[in-house]
Amino acid sequence: MCGRFALTGSLNWLFRLLFLEPPPVFADRYNIAPTQPVFAFLYDIDRNCLRYDFLSWGLVPPFVKDPGEISTLINARAETLREKPAFKNAFRYRRCILPASGFYEWKRAGATAEPFYFSAAADAGQLCLAGIWEIWHGEGGEQMNSCAIITVPANRTVQKVHHRMPAIIAPDQIAAWLNPETAPVDLLRLLRPASDNLLTCIRVGSYVNSPRNEGPECVSPEVPKGPFQPDLFFE
DNA sequence: CCAGACGTTGTT
DNA sequence: GTCTGG
DNA sequence: CCAGACGTTGTT
DNA sequence: GTCTGG
């Protein structure tokens with residue numbers, strides 16, 4: 001699955017690819033967690049244009065009375081997107097791309113969970129995660145835009161840590177994914193586990209565990225804990 | 001017909 | 001809103 | 001996803 | 001244990 005990710009560095013290549021003007025500033029984010037605003041490229045069927053926006057991570061279906069009523073829809077299984085009432089309309093009409101430098105997965109080992117960071121092996125930069133988004137209207141006219149990340153079975157690299165992973169769209173498929181004219185069957189074809197050579201994996205420290213923590217330390221490799229820690233004694 | 005769910009993950 | 005279950 | 005809270009009353 | 005918050 002995908003419950004935490006990072007977005008750092010310049011996205012200019014993506015803006016250029018989509019013929020959009022980049023915003024002047026873009027803060028590095030190392031620990032993007034559910035409920036937070038996430039940056040997204042999306043097709044807006046109402047305005048009939050491709051644009052970007054910030055979406056609240058955790059999809060709120062339009063039929064709920066209170067956005068707090070549903071809180072865990074941070075992922076949507078690719079296998080059942082078309083059938084699930086909470087997702088089908090979003091899949092049909094509101095797809096998005098969530099750029100990510102990498103994503104975190106936790107490996108469960110009994111009571112403990114060890115965090116791992118997956119990023120593009122080619123050092124080429126960001127990944128494009130496939131998402132769906134939704135518009136929620138409150139009784140008082142308030143509006144909330146939210147999103148979920150689509151998951152697929154893990155590839156060989158991710159399998160070592162977890163059995164699901166985010167769907168990653170290749171740069172040359174982004175336009176097709178966002179295009180409102182693309183047929184559902186062709187959309188589903190894009191939702192495949194990434195090829196095994198796309199990602200590298202490192203074990204990171206538990207610093208990232210708390211969503212309150214930010215900064216590059218989130219992706220720092222785990223400091224091995226051995227019986228000997230001379231630095232502590234001879235400081 | 002109306003009532004009630006509508007989602008994922010992991011764990012048991 | 002729309003589908004499923006009773 | 002993990003971390004952290006988990007409660008009421010009355011008064012300022 | 002379970003729910004809420006980030």
Completion exercise
With both pairing distances under 3.5 angstrom for Watson-Crick or G-U wobble, and | for a partner in another strand, the correct string for DNA chain D is ||||||......
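For the pair A:T80 and B:dT8, the criterion of a side-chain N or O lying under 4.0 Å from OP1 or OP2 is met. Proximity of A:R164 to the phosphate of B:dT8: no side-chain N or O atom is located under 4.0 Å from OP1 or OP2. Checking the phosphate oxygens (OP1, OP2) of E:dG6, no side-chain nitrogen or oxygen of A:S210 falls inside 4.0 Å. Contact annotation: A:R108 side-chain N/O to B:dT9 OP1/OP2 distance is not under 4.0 Å.
Between the side chain of A:E214 and the backbone N or O of A:Y30, at least one donor-acceptor pair lies under 3.5 Å.
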Nucleotides 1-3 of chain C: which of its N/O atoms have a protein N/O under 3.5 Å away?
none

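Side-chain N/O atoms of A:W13 and A:Q126 include a donor and acceptor closer than 3.5 Å. Between the side chains of A:T151 and A:R77, no donor-acceptor pair of N or O atoms lies under 3.5 Å.
Using a 4.0 Å heavy-atom criterion, one finds that A:L59 contacts no nucleic acid atom at all. Nucleic acid contact class of A:Y104 (heavy atoms, under 4.0 Å, all strands): none. A:H137 comes within 4.0 angstrom of nothing in the nucleic acid, heavy atoms only. Note on A:T35: a base of the nucleic acid sits closer than 4.0 angstrom, heavy atoms only. At the heavy-atom level, A:R212 lies under 4.0 Å from the strands shown only through sugar-phosphate atoms. At the heavy-atom level, A:P34 lies under 4.0 Å from base atoms of the strands shown.
Listed by first then second residue, pairs satisfying salt bridge (Lys or Arg N to Asp or Glu O under 4.0 Å) with a partner in residues 181-191 of chain A read A:D186-A:R189, not counting sequence neighbours.
To the nearest whole angstrom, the two C1' atoms, one in E:dG1 and one in B:dT11, are 13 Å apart.
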